[in-house]
Amino acid sequence: MLHHDALLPSACRVSMRCLSTVTRWLAAGLLLIGSAARAAEPGTADPMTERLAACAACHGSEGRTVGDTYYPSIAGKPARYLYAQLVNFRDGRRQHTIMAAMLANLSDRYLGEIATFYARQPHAAQPVFDGATAEQLATGERLTRQGDPARKIPPCQACHGEALTGVEPAIPGLRGLPVRYLDAQISAWKQGARRATAPDCMGQIAKALTGAEITAISAWLASQPYAPDARPATSLPAPLPLDCGGVLP
Amino acid sequence: MKRRLIATGAALALAIAFSTWLNQPELAAEDIAPATGASATLEQVTAGEYLTRAGNCGACHSAPGGVPFAGGRRIATPFGDVYSSNLTPDDETGLGRWSEADFYRALHLGQSRDGRLLSPAFPYTSTTKISRADSDAIFAWLRTLPPVAQVPPPSTLEFPYDSALALRVWRALNFRPAKAADIAAMDRGAYLVEALGHCGECHTPRGRLGGLQTASRLMGGPIASLGWDALPIAGPDPAESADRGDAERAALLKTGVSRRGAVSGPMSEVVFHSLQYLRDDDIAAITAYLRAQPLAAPPPAPRVPQVSAETAKAQRREGATIYREHCESCHGGEGQGRPSIYPALAGSRIVNAVSATNALRLTLAGGFPPSTEGNPQPYGMPPFSHQLKREQIAAVLTYIRSAWGNDAPPVSVIEVERQ
């Protein structure tokens, strides 16, 4: 069963009319950005770049971070995934003091436009992580590709796409992310500090993993190259192996 | 013998006076009209929704990510945390069994349906001035919400602040129910500021025991436990000319930005959840009322480490360089900002405040003004906490606070570290 209210801001939950709010805001964002891009003179910067200078301080210009940093690149991630994360930070399902304070008083509509803006940015090629041990790489690759059926751990590809570049519109790619970020996020899920709307499938999976396995998976993922032209898959090859509240139908 | 008798008598009289004072007999004497039992009209419900917005009830009575008005938001106070109550009409955990009279008793006397005295984190020093008609309308609107069963977490007030006696003492010192004649005599601006908007709960400084210091009414000051300073709001805005002042303040309250400024910190929340929804005539009533308020004594200056003249001079030199590199592209070479986009720093109230708290918080953590109908896509300020060293933050703020006609004390590294 999929929960429709997964991405909805709290104010929307009282009304059934709000069910398609996310879709509408994202569409509105796309339209707005599209028309702004057409209206802009050649060589004029997108005003969103300037509005979002606050984000660039950590996530880089146009959402691209490269190299040795904790902060993830957000350029080119699926729009609805980004929107869900912005709402989760604002509403306390993800914990980050600065992110929460930044987003506290931004409207659902603006968050949708921000998500759409970053989803449209090309991502950058990332240097691969070369600090993993052979054992970590073997464990990480096995869990990523095959999972562990005995412990009900599905392979990462089952949800994040065959090439691990994510699936439109709501599942993020796992390539091109800093190893520290990957490790911190999966660990936060294991400890309950990062949550998605119930049913929280990533929370279930992360709780089944050991700390060493999380480190191995993070190390293997960060060791994989990320081609600059890689894109999220457009659809899932098969139904999701778990119920995920953070993913709209 | 006779002297002993007199002493005992005096002590007894004192004890009786004290306990009478403590029990606030004027509360028992309050005549709360019973509920009529009539069902609410559509006009009442519609008015109630607007009044609930104007009172910003939802901001505290909703937890982040939770169901609106189901309570459970943590309200930090210097005496411990309290959690807001559930205002949805759930029978067991909300206002389901309450009547309009019960609701008015809570707003007017700070007393729950069961007679329990309410924590002053609920600002009944202001809500006592709300009219019965408006209280009934707010209640009527709250009754239209879907009931949600949710009990707030218990408060974590420390001894002795968690005791009923402490609450009685606090009330006896700081709370008098408003008189009907006084409520009726308020004009619209006064009513919105003093009653519904409860502006003074933050904009009037508080004493050590959390009582409002009316000698500094609406003169701003530190908001304990939020870590922000409230700005003074009495009188005209000194940074604006007399003919523009009201319009600029109205824009600030309605959209979150004015030509030269932007709201920040806790005020962003107030604009986002409440003020942006107010009618223009109500916003105008608020600005007219605030402009007419007398300037009272400023709150006591914060105690901060002194910076020597020599250090300040070096800070200003270094700060000018940092400013050109990190700040000038938005805030301008003369601190002039860009109208309604980037706040001006020259003449800014935040920059020139004696306390550097807000300037420090904004520089360290950045932030966005609220997105409102009048300013849907605000421009954000980047956080500099991980880009600049503490010494650099102190230097650039010291520079900004002395440049372009600004005149505020230098900022020490220790102040940056305290944040």
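Naming: A, B, ... by sequence-line order, numbering from 1 per chain.
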Contacting region of [X] [heavy-atom separation from chain A under 4.5 Å]:
X        : value
B:Gln387 : side chain
B:Pro369 : backbone
B:Phe69  : neither
B:Pro383 : both
B:Phe272 : side chain

**Asked** For B:Gln276 and B:Arg53, does a side-chain donor sit closer than 3.5 Å to a side-chain acceptor?
**Response**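 No, B:Arg53 and B:Gln276 have no side-chain donor paired with an acceptor closer than 3.5 Å.
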**Prompt:** So, B:Glu49 versus B:Tyr277: side-chain donor-acceptor pair below 3.5 Å or not?
**Reply:**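 No, B:Tyr277 and B:Glu49 have no side-chain donor paired with an acceptor closer than 3.5 Å.
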**Prompt:** Are A:Cys244 and A:Cys201 close enough that their SG atoms are less than 2.5 Å apart?
**Reply:**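 A disulfide is present here, as the SG pair of A:Cys244 and A:Cys201 is separated by less than 2.5 Å.
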**Prompt:** Can you check whether B:His386 and A:Tyr70 have ring centres sitting under 6.0 Å from each other?
**Reply:**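 So the answer is no for these two rings.
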**Request:** Tell me whether the centres of the aromatic rings in A:His59 and A:Tyr118 are closer together than 6.0 Å.
**Result:**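 Not close enough - the centres of the two rings lie 6.0 Å or further apart.
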**Prompt:** Parallel under 30°, tilted from 30 to 60°, perpendicular over 60°: which one fits the rings of A:His96 and A:Phe89?
**Reply:**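 Answer is perpendicular, since the angle exceeds 60°.
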**Request:** Specify which of B:Gly58, B:Gly367, B:Ser62, B:Ser268 makes the most heavy-atom pairs with chain A at under 4.5 Å.
**Result:**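 Of the candidates given, the most pairs with chain A belong to B:Ser268.
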**Request:** Under 4.5 Å, counting heavy-atom pairs only, tell me which of B:Pro370, B:Ser371, B:Ala365, B:Gly380 racks up the most with chain A.
**Result:**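 The candidate making the most pairs under 4.5 Å is B:Ser371.
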**Request:** Look at B:Arg338 together with A:Glu50 and state whether they make a salt bridge at an N to O cut-off of under 4.0 Å.
**Result:**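 Yes, B:Arg338 and A:Glu50 are salt-bridged.
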**Residue among A:Ala56, A:Cys58, A:Ala101 with most heavy-atom pairs under 4.5 Å to chain B** =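 The option with the most such pairs is A:Cys58.
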**Request:** Side chain from CB out, backbone as N, CA, C, O: work out which of these in A:Ile98 comes under 4.5 Å of a heavy atom of chain B, or both, or neither.
**Result:**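 A:Ile98 touches chain B through side-chain heavy atoms alone.
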**Asked** Which region of A:Ala104, side chain (C-beta onward) or backbone (N, CA, C, O), has a non-hydrogen atom less than 4.5 Å from a non-hydrogen atom of chain B, or is it both or neither?
**Response**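 Contact with chain B involves the backbone of A:Ala104 alone.
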